[in-house]
Protein chains: 2
Amino acid sequence: MIDLSFAEENYLKAIYHLSSAGQNQVNTNAIAERLETKPASVSDMIRKLSEKGVISYVKYQGVNITEDGKKKALWVIRKHRLWEVFLVEKLNFHWDEVHDIAEQLEHIRSSLLISRLDEFLGYPKFDPHGDPIPDAEGIISSKPRMILSGLNVKSKVKLVSLKDTGNAFLNYLDRIGMKIGSRIRILDIIEFDGSVEIEIDNRKRLTISKRVADNLLVVAD
Amino acid sequence: MIDLSFAEENYLKAIYHLSSAGQNQVNTNAIAERLETKPASVSDMIRKLSEKGVISYVKYQGVNITEDGKKKALWVIRKHRLWEVFLVEKLNFHWDEVHDIAEQLEHIRSSLLISRLDEFLGYPKFDPHGDPIPDAEGIISSKPRMILSGLNVKSKVKLVSLKDTGNAFLNYLDRIGMKIGSRIRILDIIEFDGSVEIEIDNRKRLTISKRVADNLLVVAD
DNA sequence: GGCGATTTTTAGATTCGCCTAAATTGTCTT
DNA sequence: AAGACAATTTAGGCGAATCTAAAAATCGCC
């Protein structure tokens with residue numbers, strides 16, 4: 001059970017994300033685009049990863065991640081998200097500043113380090129973007145996330161993540177007093193433009209545009 | 001001012017340590033031995049590092065680190081030692097467990113991360129082994145370390161580091177109540193076998209063997 | 001001061017991760 | 001159903017970092 005290289009871990013992570021966010025069959029170009037590399041490089045790496053048993057693939061027909069591959073990907077994701085919590089909670093980074101650093105830290109090899117870090121952080125269940133943190137066995141025990149704009153009137157949900165993490169959007173959310181963890185009740189949906197009337201934390205009522213609602217990821221509450 | 005690769009950073013660090021622990025001229029074999037690599041690989045890397053201006057060298061005549069190289073080496077050392085403090089102080093690692101992990105963490109690229117970490121740790125001046133932590137400018141402001149067995153009677157010193165970090169030695173120190181930071185007064189030195197009578201923290205008196213005294217690094221107090 | 005031993009460098013190969021260019025396979029449109 | 005076009009793979013090459021084997025330079029001993 002030899003370790004994967006940094007590059008291999010990054011490919012595997014990309015394949016995991018693509019396959020869990022869409023169909024099972026992940027295609028070469030999608031991986032290349034996600035990793036900002038060339039399809040030819042992806043083909044090369046796919047061969048190596050499949051020799052190592054973390055993905056299975058048939059030429060010209062895309063990639064499937066294996067159970068072993070999924071476990072390894074989730075281990076990297078666990079490390080990434082725990083480090084993000086550390087950076088935000090302990091080192092006072094803002095949640096939109098931590099990705100690049102966590103992208104490096106996720107490759108540090110030491111399972112003892114990660115279990116100690118987990119303990120130090122108080123066993124967090126979500127990272128600062130609202131994404132769930134897999135446990136040491138790679139199990140994600142959390143509700144599926146949904147996009148607010150896809151829900152029905154009267155839904156009661158909790159904000160767990162954002163799709164857009166640009167400053168303009170973050171500032172807007174600050175201004176209306178909405179943050180990760182906020183309870184949201186959907187009061188009405190305007191058919192004309194898709195804007196949504198909501199109540200935040202049982203206190204504040206306001207209307208948000210469809211554009212905003214498209215970028216709010218929530219779980220049933 | 002392009003970043004050095006991980007391997008380049010490791011070579012530079014080794015060269016720095018060798019040149020500050022001995023003569024200026026560092027020879028190829030010494031570097032190879034320290035990095036557990038082959039002299040041929042070292043020759044190759046030396047060429048590259050000197051092209052980048054971090055060392056200067058004349059063929060067959062060893063290596064000198066430049067000012068720029070020293071600065072870069074000290075930056076890596078600063079990161080290494082701060083991470084060691086983090087691992088011991090925050091994650092409850094024992095000081096003899098942290099080296100391999102810090103060896104990985106020292107290559108993480110983000111000066112903001114390091115300044116935040118420094119702040120989080122309360123601007124420590126020494127790592128868990130007693131080695132001084134360079135500041136952000138690469139300046140080490142701390143007294144030179146000495147070996148206890150080389151001092152005279154009546155010296156008053158502070159324990160800052162150990163040469164032997166094996167478990168047997170650490171257990172012994174625990175047992176006699178000596179730890180990094182302990183104040184030590186030298187009461188007498190037995191000529192016959194070089195053992196040393198000391199007083200620890202103005203409380204406890206005992207005699208330690210020369211062998212033990214050889215492994216205690218102290219600074220004037 | 002010369003010669004054998006040691007140190008250092010060079011030469012040539014390998015693996016990894018990437019690239020470009022070209023060939024191949026698959027899909028879609030008409 | 002046959003091209004045209006898109007996706008994918010192969011071929012060949014490159015730089016980084018390593019190695020072994022061999023050549024070159026230096027050191028040190030007599």
Side-chain angles (χ1 to χ4, degrees), chain A residues 1-15 18-19 22-65 69 72-73 76 103-104 106-107 109, chain B residues 1-15 18-19 22-65 69 72-73 76 103-104 106-107 109:
Chain A
M1 198 68 105
I2 215 75
D3 273 329
L4 301 179
S5 69
F6 286 17
E8 287 169 338
E9 284 188 347
N10 286 334
Y11 273 94
L12 193 57
K13 197 161 54 105
I15 291 166
L18 289 167
S19 77
Q23 67 298 352
N24 264 24
Q25 217 76 336
V26 179
N27 51 308
T28 305
N29 274 358
I31 300 169
E33 195 179 341
R34 193 182 171 98
L35 294 177
E36 294 180 299
T37 181
K38 302 294 165 186
S41 310
V42 176
S43 279
D44 252 21
M45 186 57 95
I46 279 174
R47 190 179 36 70
K48 278 191 280 186
L49 290 177
S50 101
E51 275 164 16
K52 295 196 176 185
V54 293
I55 60 175
S56 66
Y57 93 118
V58 182
K59 270 184 197 173
Y60 294 100
Q61 279 174 224
V63 171
N64 280 285
I65 195 162
K72 285 191 163 67
V76 179
E103 204 69 14
Q104 299 178 62
E106 73 187 5
H107 301 296
R109 282 178 227 292
Chain B
M1 200 69 106
I2 215 75
D3 273 327
L4 300 180
S5 70
F6 286 18
E8 287 169 337
E9 285 188 346
N10 285 334
Y11 273 93
L12 193 57
K13 195 161 55 105
I15 292 167
L18 289 168
S19 75
Q23 66 298 350
N24 263 23
Q25 216 76 337
V26 179
N27 51 309
T28 304
N29 274 0
I31 299 169
E33 196 179 340
R34 192 181 173 100
L35 294 176
E36 292 179 300
T37 183
K38 303 293 167 189
S41 310
V42 175
S43 278
D44 252 21
M45 186 57 95
I46 278 174
R47 191 180 35 71
K48 277 192 282 184
L49 290 177
S50 100
E51 275 165 17
K52 295 195 175 186
V54 293
I55 59 174
S56 66
Y57 93 117
V58 183
K59 269 185 196 173
Y60 293 100
Q61 280 173 223
V63 171
N64 280 284
I65 195 161
K72 287 191 162 69
V76 178
E103 204 68 14
Q104 299 177 62
E106 73 186 6
H107 300 295
R109 283 178 226 292

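Note on naming: letters A, B, ... go to the chains in the order of the sequence lines (proteins, then strands), and numbering restarts at 1 for each one. Heavy-atom basis, side chains included; hydrogens, waters and symmetry copies ignored.
In this pair, B/F6 and A/F6 present their aromatic rings perpendicular. The plane angle is above 60°, beyond the 30 to 60° band.
Phosphate contact (OP1/OP2 of C/dC18, side-chain N/O of A/Y11, threshold under 4.0 Å): present. Proximity of B/S43 to the phosphate of C/dT9: a side-chain N or O atom is located under 4.0 Å from OP1 or OP2. When the side-chain nitrogen and oxygen atoms of B/N29 are compared with OP1 and OP2 of C/dT6, none of them lie within a distance under 4.0 Å.
Between the CD1 atom of B/I46 and the C1' atom of C/dT8 there is a distance of 9 Å, rounded to whole Å. Rounded to an integer number of Å, the gap from A/L35 CG to C/dC18 P is 8 Å. In this structure, NZ of B/K38 is placed 17 Å from P of C/dT9, rounded to the nearest angstrom. Between the P atom of C/dC16 and the CD atom of A/E9 lies a distance of 15 Å, rounded to the nearest Å. Whole-Å rounding puts the A/L49 CG to C/dC18 C1' distance at 15 Å. Distance, B/Y57 OH to C/dT7 P: 18 Å, rounded to whole Å.
The side chain of A/A7 has C/dC18 as its nearest neighbour among C/dT9, C/dT20, C/dC18. Checking C/dG26, C/dC18, C/dA11 against the side-chain heavy atoms of B/A40 singles out C/dA11 as nearest.
By the neighbour-count criterion of 12 heavy atoms within 6.0 Å, atom NZ of A/K38 is sparsely surrounded, having that number or fewer from other residues, nucleotides or ligands. At most 12 heavy atoms of other shown residues, nucleotides or ligands fall within 6.0 angstrom of atom CD in B/E33.
Of the residues near DNA chain C, A/K59 and A/E36, the one whose nearest nucleotide (by heavy atom distance) lies more toward the 5' end is A/E36. Heavy-atom distances to DNA chain C give each of B/G62 and A/Y60 a nearest nucleotide, and the one nearer the 5′ end belongs to B/G62.
Salt-bridge check for B/E8 with B/K72: failed, with every basic side-chain N at 4.0 Å or more from each acidic carboxylate O.
Residue-to-nucleotide contacts include no donor-acceptor pair under 3.5 Å from the side chain of A/D44 to the base of C/dC16.
When heavy atoms are screened at a 4.0 angstrom cut-off, A/F6 is found touching no nucleic acid atom at all. Counting non-hydrogen atoms under 4.0 angstrom, B/S41 reaches a base of the nucleic acid.
Nearest heavy atoms, B/P39 versus B/N29: CG-OD1, 3.3 Å. Heavy-atom minimum distance, A/L12 versus A/I65: CD1-CD1, 3.8 Å.
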Name each donor-acceptor pair under 3.5 Å that joins a side chain in residues 41-51 of chain A to protein atoms two or more places apart or in another chain, with its distance.
none

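A nucleotide of DNA chain D counts as in contact with chain A when one of its atoms lies under 4.0 Å from a heavy atom; the first and last such, 5' to 3', are D/dA7 to D/dT10.
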